[in-house]
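Below is one structure, written out as C-alpha cells; the observations come after it.
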There are 2 protein chains.
Amino acid sequence: MRTLYHPNIEEITVEGILHAFSDPVRIDIFASLAASECAKNCSTFLNIQKQALPKSTLSQHFRILREAGLIRSERKGVELINSTRCEELKDRFGPMVLAIIEAYEKQQKAG
Amino acid sequence: MRTLYHPNIEEITVEGILHAFSDPVRIDIFASLAASECAKNCSTFLNIQKQALPKSTLSQHFRILREAGLIRSERKGVELINSTRCEELKDRFGPMVLAIIEAYEKQQKAG
DNA sequence: ACATTTGTTCGGTATTATTGAACTATTAAA
DNA sequence: TTTAATAGTTCAATAATACCGAACAAATGT
C-alpha cells in the first residue's frame, strides 16, 4: 500500500472536480463529509444511498475524490480518516464547490 | 430524425449537470454559448480545444448537454441553433451553474 | 429531381467502471 | 512472537460508456 497521492491545490482542475461529483455515490460522500463536524473513515460509507457497496468500489470512489483534490485522507491506525479540502478549494475556485453542495442538498431534501 | 428531447426544469438533476460538465469539450461548448451574445449552431464547434472533432462525436456531446437540461436546441432551417438555459437553471439551482462557468473561465485564462 | 449542408443514428472498437478475490498494513490478543 | 482481526488497496475479469467512421435523414437551394 503506497502512500496516498494528494494533488497540490494548483494541480486541481474544474473538470476533475466535476467528474468526481458526477457520480451519485461520490457527491453523496462529499456532501456528508462537508456536513459533518468530524472527519470520517471510509467504512462509514459502506451503506450509502440505500445500497450496500463493496469495499473495493468504495475504495475507488475515495481514490477519485482524493485525486480530484476534493478530500484529504490520513491514516490513523488501521483506518483512513477523510476530510474535505473546502477552504483551499474556496480560495482557488470561489463559491463553486459550496454552490454545488448546496444545490445537491436542496435537491435531496426535495426528494 | 425524431424531435429533440428537452427535460422540463423540474426533471433536471445536479448529477446530470455535473456529468455533462465533466467532459472538457462539453464544458467548453457551454461556456462558449454562455459567453456569446447570440445562439450558435452545432458546427460552430467542430474545432474546439485545438482538436478537430468528428461531427458524430459533437452531435453526441450536444445531445448530452441538451438531455442534462443545460441547453436548448431549435431547428432553424437546416441547422440547429443552441442556447443555454441559464435563467431557468438559476431559478432551480441557484448560483451553481454560474459559479462553475466562472471557475472554468478563470482556469482557462490562467492557462 | 439532384446536390448541398447540417445533424442524427448505427455498429464496431476503445476506454472506463464495477466488483470478487487476493493482498498489505496496522493493531490487538494469545 | 505467532495469530487473528480490522481497514483499505490492488488485480483481473466483466460490464457499461464513449468515440467515431459510415450510412442515413431533413431542410434548402439549384
Side-chain angles (χ1 to χ4, degrees), chain A residues 1-6 13 15-30 32-33 38-68 70-83, chain B residues 1-6 13 15-30 32-33 38-68 70-83:
Chain A
M1 207 183 288
R2 61 179 208 282
T3 58
L4 301 169
Y5 173 71
H6 293 84
T13 67
E15 306 93 292
I17 290 174
L18 299 183
H19 171 253
F21 279 156
S22 70
D23 183 280
V25 172
R26 288 193 295 262
I27 193 169
D28 220 42
I29 289 172
F30 186 90
S32 178
L33 284 177
C38 56
K40 293 177 175 173
N41 71 358
C42 300
S43 297
T44 309
F45 301 95
L46 280 171
N47 287 288
I48 199 169
Q49 296 211 340
K50 294 165 190 166
Q51 55 181 318
L53 285 180
K55 61 180 180 169
S56 57
T57 302
L58 199 61
S59 176
Q60 299 295 347
H61 284 314
F62 271 94
R63 186 178 55 78
I64 289 168
L65 286 169
R66 192 164 52 235
E67 296 187 354
L70 288 167
I71 65 170
R72 213 174 266 292
S73 308
E74 298 174 77
R75 181 168 286 284
K76 191 167 190 179
V78 76
E79 57 190 19
L80 292 186
I81 57 166
N82 300 285
S83 52
Chain B
M1 208 183 287
R2 63 183 207 281
T3 58
L4 301 169
Y5 173 70
H6 292 84
T13 67
E15 305 92 291
I17 290 174
L18 299 183
H19 172 254
F21 279 156
S22 70
D23 183 280
V25 171
R26 289 195 293 264
I27 193 170
D28 220 43
I29 290 172
F30 186 89
S32 179
L33 283 176
C38 57
K40 293 177 175 173
N41 71 358
C42 299
S43 295
T44 308
F45 301 95
L46 279 172
N47 287 289
I48 198 167
Q49 296 209 340
K50 297 166 189 164
Q51 57 181 317
L53 285 180
K55 60 181 182 170
S56 58
T57 301
L58 198 62
S59 175
Q60 299 294 345
H61 283 314
F62 272 94
R63 185 178 57 77
I64 289 168
L65 286 169
R66 191 164 54 235
E67 296 186 354
L70 288 168
I71 65 170
R72 214 173 265 293
S73 308
E74 299 174 75
R75 180 169 287 284
K76 190 167 190 177
V78 75
E79 58 189 20
L80 291 186
I81 57 167
N82 300 285
S83 52

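All chains are named by letter (A, B, ...) in the order of the sequence lines, taking the proteins before the strands, and each is independently numbered beginning at 1. None of these values were measured; they are calculated from a predicted model.
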>> Is B/S43 close enough to C/dT6 that one of its side-chain N or O atoms is under 4.0 Å from OP1 or OP2 there?
In response: no

> Is any side-chain nitrogen or oxygen of B/H19 closer than 4.0 Å to OP1 or OP2 of D/dA18?
Replying inline: yes

> So, B/R66 versus B/S73: side-chain donor-acceptor pair below 3.5 Å or not?
Replying inline: yes

> Just by distance, with hydrogens left out, do A/S43 and A/K55 show a side-chain donor and acceptor under 3.5 Å apart?
Replying inline: no

> Start at the 5' end of DNA chain C and walk down; is the nucleotide closest to A/D23 or to A/G77 reached first?
Replying inline: A/D23

Just how far, in rounded Å, is [atom2] of [N] from [atom1] of [X]?
X	N	atom1	atom2	answer
A/L58	D/dA7	CG	P	13 Å
B/K76	D/dG29	NZ	P	13 Å
A/L4	C/dT26	CG	P	11 Å
A/L80	D/dT10	CG	C1'	14 Å
B/L53	C/dT8	CG	C1'	16 Å
A/Q51	C/dT18	CD	C1'	12 Å
B/E74	D/dA27	CD	C1'	16 Å
A/Q60	D/dA13	CD	P	16 Å

Side chain of [X] only, please: which of [options] is the nearest?
X	options	result
A/K55	D/dC20, D/dT10, C/dA22	C/dA22
B/S59	C/dT8, C/dA17, C/dC10	C/dT8
A/E79	D/dT9, D/dA7, D/dA18	D/dA7
B/N41	C/dT19, C/dG7, C/dT8	C/dG7

> Which of parallel (below 30°), tilted (30 to 60°) and perpendicular (above 60°) describes B/F30 and B/F21?
Replying inline: perpendicular

> Between A/S32 and A/K40, is a side chain to side chain donor-acceptor pair (under 3.5 Å) present by the stated rule, with each step listed?
Replying inline: CA-CA 9 Å; A/S32 178; A/K40 293 177 175 173; 3.1 Å; yes

> Do A/R26 and A/I64 touch side chain to side chain, with heavy atoms closer than 4.5 Å?
Replying inline: yes

> With nearest nucleotides of DNA chain D determined for A/S56 and A/V78 from heavy-atom distances, which residue corresponds to the more 5′ nucleotide?
Replying inline: A/V78

> Contact class for A/R66 (heavy atom, under 4.0 Å): base, sugar-phosphate, or nothing?
Replying inline: sugar-phosphate

